[in-house]
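One structure is given below, encoded as structure tokens.
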Amino acid sequence: MTKSLEDYLEEIHVLILQKGRARVRDVALDLHVKMPSVVKAITELKKLELVNQEPYGDIELTAKGRKLAANVLGRHTLLKAFLVKLNVPEETADKDACLMEHILSATTLDRIRDFVEKPVATTTSKKKETK
Ligand code: FE2
């Protein structure tokens, strides 16, 4: 799946979590794209059996779509936490996490997860303190 389709899927998932429904209009607003672009993406996501949408209805995730969307959002949350831990301002961390979430390997993400979940007092931070 392309990066941008993952972004659409993630956004639909976030809207359903936050507002209980995902409408084409809200997806367009949040992603700063035009409505026809959303409609085009929905058509692609439907072909991949990731979403369902009745004409003019809300966008719904299939079980497969929900699983994949939750995975993208999980990567986003992890990468944002990682960047915030590096003292990146929250807004920038959020934007950059959304770019990084599509390109990093599973191995790198696993190491980042270890780093984020690791207790604060580490050898590295001790080294820094003695400097
Ligand atoms: Fe994201």
Side-chain angles (χ1 to χ4, degrees):
M1 188 162 50
T2 64
K3 170 201 173 301
S4 98
L5 281 184
E6 276 195 352
D7 281 331
Y8 280 105
L9 201 63
E10 183 187 19
E11 175 59 25
I12 293 161
H13 186 55
V14 168
L15 280 170
I16 293 171
L17 290 177
Q18 288 177 351
K19 300 185 175 177
R21 61 192 295 200
R23 292 179 298 184
V24 171
R25 203 176 63 194
D26 293 329
V27 174
L29 269 175
D30 287 355
L31 293 182
H32 309 287
V33 295
K34 299 237 157 64
M35 303 254 282
S37 306
V38 180
V39 173
K40 212 173 139 195
I42 302 299
T43 307
E44 290 304 308
L45 291 169
K46 266 189 193 169
K47 277 187 210 158
L48 296 167
E49 296 176 339
L50 298 171
V51 305
N52 285 315
Q53 190 198 22
E54 295 300 322
Y56 305 105
D58 291 349
I59 310 155
E60 276 157 20
L61 293 169
T62 63
K64 190 175 147 192
R66 200 171 305 120
K67 205 174 152 192
L68 204 62
N71 186 287
V72 181
L73 186 62
R75 276 182 265 155
H76 181 108
T77 311
L78 170 70
L79 290 166
K80 187 181 168 184
F82 172 61
L83 294 172
V84 166
K85 212 171 173 170
L86 298 177
N87 292 323
V88 175
E90 193 161 333
E91 204 183 314
T92 309
D94 204 39
K95 271 188 206 154
D96 287 354
C98 226
L99 298 171
M100 292 162 72
E101 70 196 13
H102 309 287
I103 51 172
L104 297 181
S105 67
T107 310
T108 300
L109 286 167
D110 280 347
R111 296 291 75 79
I112 290 176
R113 189 169 293 108
D114 290 347
F115 176 81
V116 169
E117 289 169 1
K118 183 167 69 171
V120 181
T122 61
T123 339
T124 333
S125 62
K126 266 181 203 155
K127 259 184 213 160
K128 249 189 205 166
E129 281 159 21
T130 52
K131 239 192 232 171

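Because the structure is a prediction, the values reported are computed rather than measured. Numbering starts at 1 and runs along the sequence shown. All ligand and atom numbering here is 1-based and tracks the order in the structure. These values consider heavy atoms only, across backbone and side chains, with no hydrogens, waters or symmetry-generated copies.
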For this session: Have a look at the Fe ion (ligand 1) and estimate, to 10 degrees, the angle subtended by OE2 (Glu101) and SG (Cys98).
Result: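 An angle of 90° at the metal.
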Lys/Arg N to Asp/Glu carboxylate O, [X] vs [Y], below 4.0 Å:
X     : Y     : result
Asp58 : Arg23 : no
Glu90 : Lys80 : yes
Glu6  : Arg75 : yes

For this session: Please answer whether the main-chain N or O of Ala28 pairs with a side-chain N or O of His32 as donor and acceptor at a distance below 3.5 Å.
Result: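 Here the side-chain-to-backbone pair does not exist.
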For this session: Would you name the N/O/S atom of His76 that lies closest to the Fe ion (ligand 1)?
Result: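 Answer by atom name: ND1.
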Problem set entry | N, O or S from Asp7 under 2.8 Å to the Fe ion (ligand 1) |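 Here the distance criterion (N, O or S atom, under 2.8 Å) is not met by Asp7, so no.
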